[in-house]
Protein chains: 2
Amino acid sequence: MIVLLKRMFPAMRVKISGLDPHQQYYIAMDIVPVDNKRYRYVYHSSKWMVAGNADSPVPPRVYIHPDSPASGETWMRQVISFDKLKLTNNELDDQGHIILHSMHKYQPRVHVIRKDCGDDLSPVKPIPSGEGVKAFSFPETVFTTVTAYQNQQITRLKIDRNPFAKGFRDSGRNRMGLEALVESYAFWRPSLRTLTFEDIPGIPKQEHYLYPRA
Amino acid sequence: MIVLLKRMFPAMRVKISGLDPHQQYYIAMDIVPVDNKRYRYVYHSSKWMVAGNADSPVPPRVYIHPDSPASGETWMRQVISFDKLKLTNNELDDQGHIILHSMHKYQPRVHVIRKDCGDDLSPVKPIPSGEGVKAFSFPETVFTTVTAYQNQQITRLKIDRNPFAKGFRDSGRNRMGLEALVESYAFWRPSLRTLTFEDIPGIPKQEHYLYPRA
DNA sequence: TCTGACACCTT
DNA sequence: GAAGGTGTCAG
């Protein structure tokens, strides 16, 4: 049986300073609920709205950065990327992957754990707390989980930026923001021409509603 | 009984020159198939793709501009708007509305018809051809028919521009193009901060796929 | 995919 | 105030 799991894209990437260069550390990530709510995406306003209370909590998991443990010097020299971290909504996952509910909001946290505090670190155990452990989180990295993208701009973003999605890219098409789209709408430029014009490349055709009789 | 039909929005608007000011003319529009294909919208690439052959043709209809007939002078003095033209997918329509298939591509055409050539013009009769009749079409006005919008940018465009959709407008939210969205994505700006930042207003949260085991 | 009741708005 | 043009959303 194939295990299908998604990485986060874009991955969280951090740079650390202030470590003791000669001390050994583990670096880990966990992902915690932002609130107690379930969300739905409201298409017409392009916004996430509360749709009820959160589903019951799932076993918390920890992603241990694969370079762990390493010296402070090593950690500080590199950009630390969490691109191998995988998400699943399978509550029965026994591979130590991070389990989340769909349609909930989450916050990733980065943990820096001095080696002596982290030697029994495990994907399925709580992260230790105490003097040798520090957690960092950035509100701008809050995200909402989905099983299908709700927002086409996000789809485009993933396609444009994720090397694994290269196959879905257009050559220069569909890269337009709203302003360019408005600009391109021929109907707004009243004119009468007897010449025929080429299609403007990359501009989605207008769509018009049809409506049957009531 | 209320008859529900959709207008095209934005409406086609044209300006005409070169008419005989003292001659009377009819102005009309029809909408013809661009090709023999049916389309589907491919979400991941934001593109329309051929999905098979066109449905069988529907009775062609003609929209006669309500100011018709009028003198060349009158027509040339105004912007001629086709905003009252209505579309339906009801093949049994007997109100003379323009009948189209959903998920097909169409091209509107403007016809300028000298009065003596157009006196038996009717929504349900073919447009006469001959020396006193001229047709104009603009490839940039090709459109695809839908019964529900496929592309969120088009929805936003209609909401932003159509006075009748004012009720769906947000005050300043959701007006971002792709560039601003990319700019806002914190994951691309590797950093480690111990401060917490406020949410950037108006920026949709990241979404991440979850994937269950197959 | 398509429909129809709906709230909200313009005309 | 009435008629009618919007996208919405649940089915």
Side-chain angles (χ1 to χ4, degrees), chain A residues 38-52 103 146 148-153 178 181-182 185 187-188 204-214, chain B residues 1-13 29 37-44 46-56 58 63 65-67 78-79 81-93 95-106 108 143-175 204:
Chain A
R38 179 173 235 285
Y39 287 81
R40 74 192 173 94
Y41 189 75
V42 181
Y43 183 92
H44 78 256
S45 57
S46 303
K47 271 190 322 211
W48 289 96
M49 309 273 275
V50 171
M103 311 305 271
V146 298
Y149 294 132
Q150 310 288 306
N151 178 324
Q152 290 169 359
Q153 292 189 88
L178 182 60
L181 191 68
V182 170
Y185 267 66
F187 284 134
W188 275 296
K205 292 288 182 252
Q206 177 65 280
E207 296 169 20
H208 288 304
Y209 260 131
L210 290 174
Y211 223 102
R213 285 205 273 166
Chain B
M1 184 172 71
I2 297 170
V3 177
L4 286 174
L5 295 148
K6 293 279 180 184
R7 297 178 173 184
M8 287 207 282
F9 185 88
M12 182 109 171
R13 298 163 77 236
M29 175 170 285
K37 299 298 176 191
R38 180 174 235 285
Y39 288 81
R40 71 191 173 94
Y41 188 74
V42 182
Y43 185 91
H44 76 254
S46 302
K47 270 190 327 211
W48 289 96
M49 311 273 275
V50 171
N53 288 323
D55 298 344
S56 47
V58 288
Y63 173 79
H65 193 284
D67 295 355
Q78 57 177 309
V79 170
S81 172
F82 295 86
D83 61 319
K84 302 240 173 13
L85 180 158
K86 285 177 178 172
L87 305 179
T88 183
N89 62 354
N90 176 12
E91 304 193 21
L92 305 175
D93 174 276
Q95 307 299 301
H97 300 301
I98 291 188
I99 306 169
L100 303 176
H101 285 128
S102 187
M103 311 304 271
H104 291 239
K105 279 197 204 294
Y106 290 97
F143 64 90
T144 309
T145 46
V146 297
T147 55
Y149 293 133
Q150 310 288 305
N151 178 322
Q152 290 168 357
Q153 293 189 87
I154 289 197
T155 311
R156 277 168 61 204
L157 197 53
K158 306 244 182 185
I159 290 170
D160 283 351
R161 300 286 160 155
N162 191 329
F164 293 104
K166 199 169 183 179
F168 298 105
R169 280 178 210 161
D170 285 336
S171 40
R173 278 189 255 284
N174 313 124
R175 296 183 185 268

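In what follows, chains are A, B, ... by sequence order, proteins preceding strands, each numbered from 1.
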Taking atom types as they are modelled, is there a donor-acceptor pair under 3.5 Å from the base of D:dG5 to the side chain of B:Lys84?
no

Euclidean distance, atom CZ of residue B:Arg169 to atom C1' of D:dT8 [Å, nearest integer]
16 Å

Looking only at the side chain of B:Met103 (C-beta and beyond, no hydrogens), which of the listed nucleotides C:dT11, D:dG7, C:dT1 gets closest?
C:dT1

Quick check on C:dT3: is either OP1 or OP2 less than 4.0 Å from any side-chain nitrogen or oxygen of B:Asn89?
yes

In whole Å, what is the span from the CZ atom of B:Phe9 to the P atom of D:dG4?
20 Å

Distance in angstrom units between B:Phe168 CZ and D:dG5 C1', rounded
10 Å

Starting at CG of B:Asp160 and ending at P of D:dG5, how long is that distance when rounded to a whole Å?
21 Å

Within 45 degrees of the ring normal and closer than 6.0 Å to the centroid, is that where the cationic atom of B:Lys158 sits relative to B:Tyr149?
no

Looking at the side chain of B:Lys86, which of D:dG5, D:dG7, D:dT6 is the nearest nucleotide?
D:dG5

Which nucleotide sits closest to the side chain of B:Arg7: D:dT8, D:dG5, C:dT1?
D:dG5

Just say parallel, tilted or perpendicular for the rings of B:Tyr63 and B:His65, cut-offs at 30° and 60°.
perpendicular

Using only atom types and a distance under 3.5 Å, with no angle test, would you say the side chain of B:His101 pairs donor to acceptor with the backbone of B:Arg38?
no

Out of D:dG5, C:dC2, D:dT8, which nucleotide sits closest to the side chain of B:Phe164?
D:dG5

B:Ser102 vs C:dC2: side-chain N/O to OP1/OP2 distance below 4.0 Å:
yes

Are any side-chain N or O atoms of B:Thr88 and backbone N or O atoms of B:Ile99, one a donor and one an acceptor, separated by less than 3.5 Å?
no

Is the backbone N or O of B:Lys105 less than 3.5 Å from a side-chain atom of B:Thr144, with the two atoms forming a donor-acceptor pair by type?
no

d(OH, B:Tyr149; P, C:dC2) in whole Å:
14 Å

Interatomic distance where CG belongs to B:Leu100 and C1' belongs to C:dT1 [whole Å]
17 Å

Rounded distance in Å - CD1 (B:Ile159) to P (C:dC8):
15 Å

Rounded off to whole Å, could you give me the NZ-to-P distance for the B:Lys6 and D:dT6 pair?
6 Å

B:Lys166 vs D:dG5: side-chain N/O to OP1/OP2 distance below 4.0 Å
no

